[in-house]
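Right, one structure below, let's go through it.
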Amino acid sequence: MFNNKIKKYLSSVLALITVVISISASMFAYADGDVAINKVNFKDDIWREIVANYIDPNSDGVLTQDEISGITLIDVSGFLEAEYGEDTMVEIADLSGIEYFTSLKTLRVGGIGLESLNVYPLVALTSLTCQGNYLEELNLLNNSELKELNCSANFLKSLELSLLPNLTKLICHSNEINSLNLLENTKLEQLNVFQNELTSLDLSGNPLLSSLNCSKNHLKTLDLSANPLLSETVESSIGNQTVSAKANYSSDDGSIYADFEIQNSSRVVSTSLDRVEEVDSSVIYVKGYDGTSFVTYEPEQILGGIDYYYNVNLEGAANMSVHIDVERDFYVVRYYDSESLENKIGEEIVNGGGAAQFELAEMPQCKQLVSWSADLAEINEDLQVYANWKDDHSIRITSFENGVVTIECTKGCGTRESYTFADYINARESDEGFVSSLDLNSDGIINAKDFAMLIRGAY
């Protein structure tokens with residue numbers, strides 16, 4: 001069934017085993033502790049076939065205690081890809097039967113589709129690799145000899161490690177772990193908890209730690225003062241932390257603030273809200289974090305979130321970057337002079353559910369505001385609105401010469417029009433080409449009465 005490539009890949013799976021074949025009164029006669037390779041003991045078909053073909057070299061269907069005691073390594077990682085192709089959907093969901101191999105020191109079962117894994121009886125286990133499965137829990141309370149653990153890319157929400165005093169390497173990235181107690185793992189040298197749900201990480205009990213990746217969690221702070229071997233830690237391995245805070249708007253002073261507690265706040269090196277201000281003719285640097293809150297007066301600075309860098313208290317190590325996703329109950333209304341939204345003429349911050357009350361400081365020349373393009377009575381989202389204008393000229397006749405009437409706007413906008421009076425004689429107000437400025441007596445018809453007034457200069 002298995003090709004040479006697979007055999008070569010799995011050649012390190014087992015130590016050489018001496019197998020004793022016994023014939024039973026029915027089918028087999030088992031000595032105390034012998035394990036039949038059947039569906040009762042090994043439920044998964046593929047796993048049972050691996051055991052039969054690679055762990056039972058004489059193919060008698062029975063694992064004796066002598067055979068079991070000689071098995072210190074089992075490695076099925078990569079088996080499914082090698083057997084069925086890289087895009088295979090075949091998986092080994094159930095590894096029941098693994099508990100019989102109590103002499104195991106190394107178990108590698110990464111990426112095979114496991115939904116559960118029972119290593120509690122494997123008291124001799126020193127190395128466990130089970131990454132890339134569907135595990136939601138992993139019981140390690142009886143594996144005190146464990147030195148190396150890789151359980152990354154599963155669905156673990158917690159990991160109890162307090163009974164693993166010999167642990168030197170822990171790789172548990174890409175899970176959903178929300179807390180991790182490492183105080184008893186004093187021999188830990190390598191830690192990768194990248195992309196979990198950690199809100200804190202205490203490394204004060206791990207003085208031998210020389211490799212760390214805890215990026216993409218939810219850490220506000222990090223202290224590496226007890227980890228001198230991490231002095232060359234780079235930002236990419238500890239940064240990209242994401243947390244959240246609620247921002248509020250104060251209409252009293254126009255400030256936008258987010259209350260946010262940071263332990264040892266003096267170690268906040270810089271923030272995206274830091275600014276330079278001029279006070280009494282002096283330029284001063286103002287931090288965006290005052291020890292209790294992030295503060296700004298510019299909504300654009302906070303709407304995309306807030307960033308800060310935190311000193312991890314170890315010389316030579318990089319600062320940790322933290323991004324704050326801002327939750328808010330206020331909104332920004334931006335006002336523009338036309339539908340093109342190219343020229344902003346104002347901006348206003350409104351608390352959720354409130355009404356916008358923006359007033360133009362001055363109107364464009366010879367224009368009157370009719371309305372805004374959206375209802376501003378109840379604001380529950382950021383808005384971009386534009387003005388609907390109507391003309392507001394002050395038109396009057398400025399001259400009448402040679403039968404030509406000249407009309408101009410007295411507000412200085414430059415509007416100037418000329419009409420030959422004779423072309424509009426008898427035009428009525430209901431006519432399409434009616435020019436109201438030529439109806440001097442406002443009787444709804446342009447006639448000789450209006451001409452007489454022009455002659456007298458009564459305009």
Side-chain angles (χ1 to χ4, degrees), residues 199-201 214-225 233-336 343-352 354 356-359 361 379 381-384:
T199 57
S200 63
L201 184 60
C214 61
S215 63
K216 291 196 174 181
N217 277 278
H218 309 300
L219 306 180
K220 289 183 179 181
T221 64
L222 181 65
D223 192 329
L224 300 183
S225 59
T233 298
V234 297
E235 194 277 330
S236 60
S237 66
I238 59 175
N240 292 311
Q241 306 295 333
T242 304
V243 296
S244 61
K246 184 174 182 179
N248 300 281
Y249 170 67
S250 172
S251 57
D252 294 336
D253 62 0
S255 66
I256 301 170
Y257 62 94
D259 294 334
F260 193 79
E261 182 181 356
I262 301 178
Q263 286 184 319
N264 299 312
S265 60
S266 62
R267 283 161 52 187
V268 175
V269 178
S270 63
T271 84
S272 57
L273 303 185
D274 294 351
R275 59 192 182 276
V276 174
E277 293 183 356
E278 186 173 332
V279 179
D280 297 331
S281 300
S282 299
V283 175
I284 62 172
Y285 177 80
V286 180
K287 279 192 172 184
Y289 184 69
D290 62 11
T292 59
S293 304
F294 287 91
V295 182
T296 184
Y297 294 88
E298 300 295 332
E300 286 78 8
Q301 287 191 320
I302 206 168
L303 297 182
I306 305 168
D307 298 295
Y308 69 90
Y309 283 88
Y310 189 82
N311 184 330
V312 296
N313 202 20
L314 178 62
E315 186 176 355
N319 297 318
M320 180 180 71
S321 63
V322 183
H323 178 78
I324 305 175
D325 288 326
V326 173
E327 303 169 5
R328 58 188 170 106
D329 189 27
F330 65 85
Y331 303 96
V332 181
V333 183
R334 297 177 176 87
Y335 299 88
Y336 295 85
N343 183 34
K344 188 171 74 171
I345 56 178
E347 184 174 280
E348 182 180 12
I349 300 175
V350 183
N351 283 315
Q357 300 177 346
F358 176 75
E359 293 184 7
I379 306 300
E381 61 178 333
D382 293 332
L383 289 177
Q384 295 186 107

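- Looking only at distances, no side-chain donor or acceptor of Asn351 sits under 3.5 Å from a matching main-chain atom of Gly354.
- Of all non-hydrogen atoms in Ala245 and Ala258, the two that sit nearest each other are CB-CB, 4.5 Å.
- Shown here are the side chain to side chain contact (heavy atoms under 4.5 Å, CB included) partners of Glu347, two or more places apart in sequence or in another chain: Pro299, Glu300, Val332, Arg334, Lys344.
- Remark: Lys287 is not positioned above the aromatic ring of Tyr308, lacking an NZ or CZ atom under 6.0 angstrom from the ring centre and at most 45 degrees off the axis.
- For Ser255, the side chain to side chain contact (heavy atoms under 4.5 Å, CB included) test picks out Ser250, Asp253, Tyr257, Val295, Tyr297, with sequence neighbours left out.
- Panel note: side chain Gln357, backbone Val350; no donor-acceptor pair is recorded below 3.5 Å.
- Arg275 places no side-chain N or O within 3.5 Å of a backbone atom of Val286 that could act as its donor or acceptor partner.
- Under a cut-off of 6.0 angstrom, the local environment of CD in Glu277 is crowded, with over 12 non-hydrogen atoms contributed by other residues, nucleotides or ligands.
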Set out, in order, the CA-CA distance, both residues' side-chain angles and the distance that settles side chain to side chain contact (heavy atoms under 4.5 Å, CB included) for Val243 and Phe260, then state yes or no.
CA-CA 10 Å; Val243 296; Phe260 193 79; 3.6 Å; yes
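- Using a 4.5 Å heavy-atom cutoff, the side chains of Ile256 and Phe330 are in contact.
- Met320 approaches Leu219 most closely through the heavy-atom pair CE-O, 3.9 Å.
- Counting heavy-atom neighbours within 6.0 Å of Lys216 NZ, excluding the residue itself, gives a total of 12 or less.
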Checking Phe294 against Thr271 for the side chain to side chain contact (heavy atoms under 4.5 Å, CB included) test, could you report, in this order, the C-alpha distance in whole Å, the side-chain angles of both residues, the deciding distance, and whether it holds?
CA-CA 9 Å; Phe294 287 91; Thr271 84; 3.8 Å; yes
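- Listed by chain and residue number, Asp274, Tyr309 satisfy the side chain to side chain contact (heavy atoms under 4.5 Å, CB included) test with Ser270 (two or more places apart in sequence, or in another chain).
- Summarising the geometry of Ala318 relative to Val312, their closest heavy-atom pair is O-CG2, 3.5 Å, with the distance given to 0.1 Å.
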Report the C-alpha separation of Val268 and Ile262 in whole Å, then their side-chain angles, then the decisive distance to 0.1 Å, and conclude whether the side chain to side chain contact (heavy atoms under 4.5 Å, CB included) test is met.
CA-CA 8 Å; Val268 175; Ile262 301 178; 3.9 Å; yes
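- In this structure, Glu348 contributes its side chain and Ala356 its backbone to no donor-acceptor pair below 3.5 Å.
- Between the Glu235 side chain and the Asn319 main chain, no donor and acceptor come within less than 3.5 Å of each other.
- Closest approach of Asn248 and Lys246 over heavy atoms only: ND2-O, 3.9 Å.
- The minimum heavy-atom distance linking Gln384 with Tyr336 is given by the pair OE1-OH, 3.2 Å.
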